[in-house]
There are 2 protein chains.
Amino acid sequence: MSEAALLSNAAAEPKTLVEGAYQRLRRDIIEGVHAPGEKLRVEHLKDQYDVGAGTLREALLLLVTDALVVTQGQRGFRVAPISIADFEDITRTRVLLETEALRQSITLGGDDWEASVVAAFHRLSRAEEKLADHDPGTTEEWEKRNRAFHEALISASPSRWIRHFQNILYQQSERYRRISPFRQPIERDIHAEHQALFDATLARDTTRATSILTEHILRTLDAVKRMPTDFFTGKKKL
Amino acid sequence: MSEAALLSNAAAEPKTLVEGAYQRLRRDIIEGVHAPGEKLRVEHLKDQYDVGAGTLREALLLLVTDALVVTQGQRGFRVAPISIADFEDITRTRVLLETEALRQSITLGGDDWEASVVAAFHRLSRAEEKLADHDPGTTEEWEKRNRAFHEALISASPSRWIRHFQNILYQQSERYRRISPFRQPIERDIHAEHQALFDATLARDTTRATSILTEHILRTLDAVKRMPTDFFTGKKKL
DNA sequence: TCAAGCATTTTTCTCGAGATTTGATTAAGC
DNA sequence: GCTTAATCAAATCTCGAGAAAAATGCTTGA
């Protein structure tokens, strides 16, 4: 695993079996294939992912890094549980880090940065058009481009650590968004928000850009808070 | 490894060999026993730490979590390299997170929190007195109490994620401080700073407390920046 | 009927050996 | 003399089996 993989979880070519299993497992957890709180038995999963027991253990250990898997003492591995409080924490911390990174980007970003933002926004807009037409299977693509757009915005920040932490948190919030009850159709408003964010950023209006970004991120919080609270306590398999 | 271990790296009783090796390795890296950039050969280390090869691999993988060890492709493990830019990044990000956490603590902290801050400050003060008398071997103890004080200050923050990230960064900066050329005698001024920080916090003066904390953290940065720049490029063993 | 203690079964954790890949040394060719 | 290729050694990655621990079910007794 390269430093890039360490600091960004980028989807590089898996050069080792551990990496491969790690990436597939991570995707499956984020997409909800493995439910929150679910026990992850090495014996079962090693067949499912076609690797040895030791290799799978190492992959699970790497997922502990991302806080997508928890492990305690001698009692094996488990998909990280979810809670409203946790999602609120993730969201607010994301705001703190991402606004700071955006501030730095706007201050320091050059032509290359602007170009990458323009490009990412363009790609995202196209995906949102297709989404409005209710094309099936485009959600996956939108998800990737949305992330790419957010990453482009802060890519001129010189702080590798902020970007590293931001990646972890984005991953976390993506899992929350994808878990069924939260899953909501991507509305038309989202595009307007992205447009406003894009405009303010390119205009180098730091105050306005960070303000929009804050609202944008916090919006996802409302949807979750409207969920029935017993969802979290109800279906945990112990 | 418990959730506590995941989110705080707390020095809990090592319930498993992997954990034990992980903790000892981490301490040795932070203390500079394994120099930055040094290659970590599994075959050598497994004897040194009295565990099997697979077990040591898992411990190293956990250290990748903390960004104390890096690994690329099929080329094994290596102690994370150091650089001035990295330390500056660590320090500034620490300021961002720690001031926010302190802000939250001051706003939300109750009597229990105040009590823990008072207690931690008292312990730290005693350690600083002993340090002024040039007692040998007290640096270790001061290091622990200093960390405990900083943790107590932000312990009333409800954000587990901020505290988690703060832990990682504190660990990182501790390594930088301990690596020989940076190693500087703990001066008397430090105590005055801690005192001021303590006073402002208990007075619930958010603005003043965060301001002092910022200066306090940034101070360590100056010392490093005064170092000869070729230190970083010079002794890297490749 | 319920609780407590014991035995069984499952699962995790640990280890050493085999298969691949990387890096280094040496030799050949231009 | 310098670059390129091939051979060899070292280290990493991978796997399955054995030891330790935890979870489960069953029997026994009140």
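Just so it is clear, the structure is predicted and the values come from calculations on it, not from any experiment. Chain letters run A, B, ... following the sequence lines, proteins first, then strands; residues in each count from 1.
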Is a donor on one side and an acceptor on the other found under 3.5 Å between the side chain of A/R178 and the backbone of A/I30? no

If you define the side chain from C-beta out and look only at heavy atoms, does anything of A/I217 sit under 4.5 Å from A/T99? no

Would you sketch DNA chain C in dot-bracket for me? Only Watson-Crick or G-U wobble pairs with both distances under 3.5 Å count, crossing pairs as [ ], other-strand pairs as |, the rest as dots. ||||||||||||||||||||||||||||||

Quick one, A/L63 and A/V79 - any side-chain contact, counting heavy atoms below 4.5 Å? no

Salt-bridge criterion met for A/R92 and A/E88 (N-O under 4.0 Å): yes

For the pair B/F121 and B/F149, name the ring-plane relationship: parallel under 30°, tilted 30 to 60°, perpendicular over 60°. tilted

Nearest heavy-atom pair of B/A156 and B/G109: which atoms, and what distance? CB-CA, 3.6 Å

Take nucleotides 11-24 of chain D nucleotide by nucleotide from the 5' end and write B, S or -, depending on whether a protein heavy atom sits under 4.0 Å from the base, only from the sugar-phosphate, or from neither. SBSBS-----SSS-

Evaluate the ring planes of A/H164 and A/W161, with Trp represented by its six-membered ring, and classify them as parallel (under 30°), tilted (30 to 60°) or perpendicular (over 60°). perpendicular

Output side-chain donor-acceptor pairs under 3.5 Å for residues 45-58 of chain A, partner residues at least two apart or in another chain, one line each.
from: A/Y49; atom 1: OH; to: A/D28; atom 2: OD2; distance (Å): 2.5
from: A/Y49; atom 1: OH; to: A/H34; atom 2: NE2; distance (Å): 3.0
from: A/R57; atom 1: NE; to: B/E58; atom 2: OE1; distance (Å): 3.4
from: A/R57; atom 1: NE; to: B/E58; atom 2: OE2; distance (Å): 2.9
from: A/R57; atom 1: NH2; to: B/E58; atom 2: OE1; distance (Å): 3.1
from: A/E58; atom 1: OE1; to: B/R57; atom 2: NE; distance (Å): 3.4
from: A/E58; atom 1: OE1; to: B/R57; atom 2: NH2; distance (Å): 3.0
from: A/E58; atom 1: OE2; to: B/R57; atom 2: NE; distance (Å): 2.9

Would you mind reading off the distance between A/R78 atom CZ and C/dT12 atom C1', rounded to a whole angstrom? 13 Å

